[in-house]
Amino acid sequence: MFRFILGRAAMAVPTLIIVAVSVFIMIRLIPGDPAQLMLGDQATPETLAEARRTLGLDHSLPVQFGLWISAVLEGDFGTSISTGKAVLPLILDRFIVSSSIVLSAVLIASLIAVPAGMVAAWRQNSLSDLLIVGGATLLLSIPSFWLGLLLMLLFGLKLGWLPVVGYVPVSEDPLAALTFSLLPVATLVLVETGVITRMARASTLEVLRLDYITHARAKGLSERVVLLRHAFRNAFAPTWTLIGLILGNLLGGIAVVETVFTLPGLGRLLVDAIFARDYPVIQGCLLFIAGIYVLVNLIIDLMYPLFDPRVTAE
């Protein structure tokens, strides 16, 4: 197991290096001078040159990359050009907001979608199967931002049950934090439930056609026992992989939902930094997101043997 973990971690290193190089190059392709944006149009050539020297923009690109990556390895992601704050604490503060929303949404969506997908597969071509598949397809077809706006309109403006926009940390007021998080979490739950349901149904259908399922039924086992004891573990393995991909993707890609509900999360921080040409924040966010994605997939791989008895750590 330890060798497996080391091997998977070693495989992640080239990925992170490629991501770091790609991020550094793509950011430099964005039009605009960070020093000019920071100082404004009234900046003199002398102050502009001094700002570029302070930001390290007067060096060649290889030197800039070397200085940045060496600082990152020491845990220093730089200082934000826009706010003057350290980038890493800023990212971690925003990541707490995003992770609380994403983890809750993925957990709830999985608890709903996996049983629904298995029931649809078990009742294939029945009315319940058609309703579940139709509902999942409908949820897949709705853009997350539009669904969020609909929920805001219904539960926030029309009914007045929930606050429309804003965020309250759990440390300040747990109940208020819950009410402000309900609509963003519900939006992600509805969107991701459709994806997970279709995967759970497809993988369960494939498992139910295998010979050992026929043998279990021939022994006189009830359908409930066949589904839960024999089909679930093998059918859940592909769905577990999809859940890991969704989790990694949402942790770095819920900028749209965060913008709709004005949540101070990691995705919104990245969008704001792109508009401000804040190189350190953009580079730090993208590298952090890539690291989280790699870590989530590593955890998924390590837990795969728990759900699929055919897979071992060796």
Side-chain angles (χ1 to χ4, degrees), residues 101-144 146-148 150-151 182-251 253-254 257 296-313:
I101 300 295
V102 169
L103 291 175
S104 302
V106 172
L107 176 61
I108 297 172
S110 301
L111 293 177
I112 296 173
V114 173
M118 294 187 67
V119 169
W122 176 49
R123 305 288 295 174
Q124 185 182 13
N125 297 327
S126 66
L127 178 60
S128 57
D129 179 29
L130 294 177
L131 292 176
I132 292 174
V133 173
T137 304
L138 177 62
L139 293 176
L140 278 171
S141 306
I142 303 177
S144 59
W146 190 67
L147 180 59
L150 288 180
L151 294 179
L182 282 177
L183 288 181
V185 170
T187 300
L188 293 179
V189 167
L190 292 175
V191 172
E192 302 305 332
T193 294
V195 181
I196 300 175
T197 298
R198 290 176 64 89
M199 173 58 77
R201 179 182 182 274
S203 57
T204 304
L205 282 175
E206 182 178 355
V207 170
L208 290 178
R209 296 189 181 102
L210 298 178
D211 292 340
Y212 83 96
I213 296 295
T214 304
H215 178 68
R217 286 169 170 165
K219 291 192 300 183
L221 298 178
S222 65
E223 286 296 313
R224 179 176 177 273
V225 174
V226 171
L227 281 175
L228 297 180
R229 184 177 300 176
H230 295 276
F232 173 72
R233 292 183 66 184
N234 287 334
F236 185 65
T239 308
W240 175 245
T241 303
L242 177 64
I243 292 173
L245 294 175
I246 291 174
L247 183 60
N249 183 56
L250 287 179
L251 284 173
I254 62 168
V257 174
V296 168
N297 280 276
L298 175 61
I299 295 174
I300 294 298
D301 288 343
L302 294 179
M303 296 184 66
Y304 218 90
L306 299 177
F307 299 104
D308 193 342
R310 298 167 297 181
V311 179
T312 61

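Numbering of residues begins at 1 and proceeds along the displayed sequence.
- Put simply, the side chain of S104 never gets that close to the backbone of I101: no donor and acceptor are under 3.5 Å apart.
- Shortest non-hydrogen contact noted between S110 and P115 is O-CD, 3.8 Å.
- The CG atom of L183 lies 6.0 Å from the CG atom of L151; values are rounded to the nearest 0.5 Å.
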Exercise. For I142 and V191, what are the C-alpha separation, side-chain angles and deciding distance, and is it a side chain to side chain contact (heavy atoms under 4.5 Å, CB included)?
Worked result: CA-CA 7 Å; I142 303 177; V191 172; 6.0 Å; no
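- Rounded to the nearest 0.5 angstrom, L147 CG and S141 OG are separated by 12.0 Å.
- Across all their heavy atoms, A200 and A113 have their closest contact at CB-O, 4.2 Å.
- Taking the side chain as every heavy atom from C-beta outward, T137 and R198 approach each other to under 4.5 Å.
- A pairwise comparison of heavy atoms in A121 and L205 identifies O-CD2, 3.5 Å as the closest pair.
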For this session: Take L247 and L103, measure what side chain to side chain contact (heavy atoms under 4.5 Å, CB included) needs, and give me the verdict at the end.
Result: CA-CA 7 Å; L247 183 60; L103 291 175; 3.6 Å; yes
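- The neighbour count for E206 CD, taken as heavy atoms of other residues, nucleotides or ligands under 6.0 Å away, does not exceed 12.
- Of the candidates T197, D129, T204, I132, V119 forms a side-chain contact (heavy atoms from CB on, under 4.5 Å) with just one, namely I132.
- One distance of note links CD1 of I196 with CG of L139; it measures 11.5 Å at 0.5 Å rounding.
- Once rounded to the nearest 0.5 Å, the distance linking CD of E192 with CG of L140 reads 8.5 Å.
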